[in-house]
There are 2 protein chains.
Amino acid sequence: MTNEDKKELSPAMEDYLRTIYKFEEKGAMVTTSMISESLGVAPASVTKMMKRLASMDLVEHEPYRGVGLTANGEKAAAEMARHHRLIELFLTEVVGVPWDRVHDEAHRLEHALSEYLEDRLADILGDPKVDPHGQLIPCKDGRVAVRNLRMLWELEQGTRGVVAEIEDHDPALLRYAAERTLFPGTEICVVERDPYGGSVIVALGAERCAVGQDAARQIWIETNDTTS
Amino acid sequence: MTNEDKKELSPAMEDYLRTIYKFEEKGAMVTTSMISESLGVAPASVTKMMKRLASMDLVEHEPYRGVGLTANGEKAAAEMARHHRLIELFLTEVVGVPWDRVHDEAHRLEHALSEYLEDRLADILGDPKVDPHGQLIPCKDGRVAVRNLRMLWELEQGTRGVVAEIEDHDPALLRYAAERTLFPGTEICVVERDPYGGSVIVALGAERCAVGQDAARQIWIETNDTTS
DNA sequence: TGCAGAATTGAGCCGCGTCTAAAAATAACC
DNA sequence: GGTTATTTTTAGACGCGGCTCAATTCTGCA
C-alpha cells in the first residue's frame, strides 16, 4: 500500500506480461523484438508498453538490453498463464475442442475469466498441474514446479526422455506432433541426428520417426540427467 | 458488398447493440438515457457511439427522439444475445454456477466467444431455446420465437400465467425470485393487487406470496389470452 | 578498431471510447 | 402559450494502444 497497489490491468498489458512470462519460463532473455514478433505489434509499441509496465513495477526494463518481470509482474503473469492453461484444459476435457484449436480460443477467453470461474474450473478439473500441451499450470499463489526441460532439437544421440511440452501457438505443429504420437508423456529416445541439420530421428517404443528441425525446436523433453 | 460490409465490431459496440436489443425485445422505445444508465456511461458517450453505429448502418438514430436497430444491427445484436445466453446456460448447467452469478460472468465472456465455440456450446446443450432466466436464445440466423409477455406488475387480478422471464442483471432480484420459487415455467395466478401500490399477491399452487413492485416489474409472465 | 547493418528507442500522429461543460431541443407546467 | 426543467447533442479534452519514421545504440565482421 505504498502508493498505488492494485492497478487494474488492461487486456493488452496482460498479453505483454504473459508473453514475457512464457519466454522466461524457457530460460530465454527477453528482447523487444521477441515480444514484438510474438504479439504481432511494432517494436516501438513494445518499448512504449515496457515503459508503462516498468512505471507500474511489473517489469524491469534495461534500455537496449532487454526486459524481465519483477516479482509483481511475475505474479500477475502467472495468474494469466493459469487462466490460459486452465481454459485450454477445460476446453479439451469438457467441451471437446481438439488440442490444436484450444490455444486461440483460450487466448480470447483468458482476459474475461473471473477469479470465481477460475476456481470453478480448477475444481471441476481436479486441480490440474498440466495443460493439454504439457505446460505447467501455476497454482493460485503463482508457484510452479521446476522441470528440467531441453529442446528435442538439442538432445545428444542416445538420450532418453519423456515428451514434456509442445509449443501451443501453432496448430499445424500440434497436428504434426499428434500424427507422430508425440504427446506429453510419450517416452522417446533420440536415435540419430541428421548431420546436415534436417531432422532428428526419434524412437517411440518400436516405431521411429523423423522430426524436422522447426518442430524439434518447439518440443521439450524432460530427461533424467542430474546435470543441474 | 456495397462499400464496407463485414466490419469487425469492437466489444464496446457489441455492448451498445445488445443493450438496445434488450430494450427492443421488451417493446420499449430506446432513448439515450436508457442506454447511458444501463451501460453506466455518460449520455454524451452514447450519442457519439450512436452516430458511429448509424454510420455503419447498425442503428437508426433520430436526434432527440431515440434509436433503433437496423436489420444489420439486429442481426449482430441477436448474435451477441445468443452468445450471452448460451454462456449463461452453459455456466449453470455444466459449470455449476448459481443463476444469480451467471449474468456478470457471461457479460465478460460473450465478447470472446468464437463462432466455433458458440456451436460447440449449443451442441452440448442440445440447441436450447431458453436461458436460465427464461430469455429466448436467438438461433444462428437471428430469428427468435415470439411470445406474449406481460409484466407481472401489470396483470389484472385473477390472471393466470406462467413465469416466462426474470431480468438477469440484478443478482439480488434473482435470489428474491428463487426464494419464492418464481422460476421460468412456474405457474402462477394473481390473487390480489395491493391498491396502494406496494406489491402483488401471487398464488403458486397452494402457496402464495407477495411480490414487491420493483420485482414485479422485472418478472415477465406468459398468459394465454388471444389479445395478441 | 572502426564501421555497416540490425535492433531499439524517441517523437509525433491517429482512432477509439470515455469524460465534462456548454448549447440546443423537447417536454412539462402554470 | 410562454417559461422552466429535463433530455439530448455538440465541442473539446484525455488516456490507451497502436502506427510510422527518424535518431540512437549495439553488434559483428573486416
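FYI, side chains are in, hydrogens and waters are out, and symmetry mates aren't considered; it's all heavy atoms of this structure. Labels below follow one simple rule: chain letters A, B, ... track the order of the sequence lines, proteins then strands, and each chain is numbered from 1.
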Touch class at under 4.0 angstrom, heavy-atom based, for [X] against every strand present:
X	answer
B:Val46	nothing
A:Ala12	sugar-phosphate
B:Ser33	sugar-phosphate
B:Met50	nothing
A:Lys51	sugar-phosphate
A:Pro43	base
A:Thr32	sugar-phosphate

If you compare every side-chain N and O of [X] against the phosphate oxygens of [N] (OP1, OP2), does one of them come in below 4.0 Å?
X	N	result
B:Thr31	D:dT7	no
B:His61	D:dT8	no
A:Tyr64	C:dA6	no
B:Thr47	D:dT9	yes

Exercise. Do the ring centers of A:His133 and A:His103 come within less than 6.0 Å of each other?
Worked result: no
Exercise. Taking NZ, NE, NH1 and NH2 as the nitrogens, is one of them in A:Lys75 or A:Asp141 under 4.0 Å from a carboxylate oxygen of the other?
Worked result: no
Exercise. Could B:Glu222 and B:Arg150 be called an ion pair, given the rule that one side-chain N must be under 4.0 Å from one carboxylate O?
Worked result: no
Exercise. More 5' along DNA chain D: A:Ala44 or A:Arg65, using each one's nearest nucleotide?
Worked result: A:Ala44
